[in-house]
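I have placed the structure first, in the form of structure tokens, so that the comments after it can refer back to it.
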Amino acid sequence: MKAWSLKKSASVDERPLVLAEQPTPVVHEDELLVRVSACGICRTDLHVVEGELPVRLSPVIPGHQIIGRVTAVGAKVADFVINDRVGIAWLNRTCGNCKYCLTGRENLCEQALFTGWSVNGGFAEYAVVPASFAYRIPDDFQDVQAAPLLCAGIIGYRCLRLTGLTGNEWAGARLGIYGFGAAGHICIQLARARGSEVYVCTRDRERHQALAHELGATWVGDTAEDPPVKLDTAIIFAPAGELVPVALNVLAKGGTLVLGGIHMSPIPSFDYSLIYGERMIRSVANNTRSDGREFLLEAARIPVHTHVETFAFDRVNEALIALKHDAIRGAGVVTLE
Ligand SMILES: [Zn+2]
Ligand SMILES: [Zn+2]
């Protein structure tokens with residue numbers, strides 16, 4: 001198969017991914033072999049390629065928002081057949097036995113494997129996944145539209161969950177979103193459908209601010225600008241630690257600030273008064289499979305419309321460069337057909 005692999009981390013501007021032929025992966029007894037049709041690009045891919053995340057597998061094929069069709073089924077797989085459409089996300093496999101796995105927190109599993117980081121991912125013609133970690137994709141979504149749901153979408157969903165707001169509490173709640181890329185543009189659609197007012201802070205005027213307006217933001221401003229009201233809760237998707245005190249400064253008492261990224265630049269020190277009043281800060285680490293399944297159902301019900309910019313398979317490096325420089329409106333997706 002043809003695949004893009006990373007041998008040595010480097011700035012994406014140096015085009016470190018190399019396209020080469022390599023053996024098509026072998027499917028084990030509990031796995032599916034998937035012919036990839038689309039693979040979304042994510043900021044985490046940048047962190048893998050540029051070395052902000054430690055090397056787990058080398059060389060590695062990045063990419064963890066994979067849509068494709070099953071072409072081979074392991075001997076012990078009962079619930080998928082050839083040609084089923086599936087999605088493969090970041091959480092590739094967990095141990096099933098640790099204290100986290102046994103208490104509904106498999107996203108924190110000590111032994112977890114991650115697609116496109118510790119096992120090969122989707123910037124390739126084929127990928128494998130344990131059948132129990134593959135997602136069925138609702139028919140409402142075409143392959144290209146579905147790809148960004150698998151990380152940007154699921155992580156945004158988990159961020160909303162970790163705000164602590166549930167059910168009717170969303171009606172009229174004021175949610176702040178800092179950074180408005182792939183995750184932000186899906187998250188706002190869930191929040192709007194739940195009845196919340198959304199305040200978006202993002203540095204890109206042309207693409208991100210315009211899209212935020214289109215998707216129903218109550219207010220859109222620069223990251224340095226304070227929203228005109230106190231926020232009941234806020235999510236930071238941008239990997240910029242300096243936004244933490246900025247967001248705390250406009251967070252109402254008792255509110256939670258959720259940090260949605262796997263990597264963030266250092267958080268500057270700040271006065272206790274910014275967090276006093278029972279404000280909370282919490283990170284989001286990965287997701288559980290139930291997050292993924294619940295999110296896909298909610299996304300189909302709304303329905304969420306992903307705004308996608310596609311890149312042909314021979315332009316994976318260009319896609320990562322565009323993501324790094326905020327040049328993508330919505331989500332970037334590499335297509336293979
Ligand atoms: Zn575990
Ligand atoms: Zn991701």
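Note that ligands are numbered from 1 as they come in the structure, with each ligand's atoms numbered from 1 the same way.
Angle NE2(His64) to the Zn ion (ligand 2) to SG(Cys42), rounded to 10°: 110°. Take the Zn ion (ligand 1) as the corner point: the lines to SG of Cys109 and to SG of Cys101 open at 100°, to the nearest 10 degrees. When SG of Cys95 and SG of Cys98 are joined through the Zn ion (ligand 1), the resulting angle is 110° to the nearest 10°.
Considering Thr44, Leu53, Val55, Asp45 in turn, Leu53 is the only one that fulfils the side chain to side chain contact (heavy atoms under 4.5 Å, CB included) rule with Trp117.
The closest side-chain heavy-atom distance from Asn249 to Leu274 is below 4.5 Å. Between Glu169 and Thr166, the closest side-chain pair of non-hydrogen atoms falls below 4.5 Å.
In this structure, Asp139 places its CG atom where only 12 or fewer heavy-atom neighbours from other residues, nucleotides or ligands lie under 6.0 Å away.
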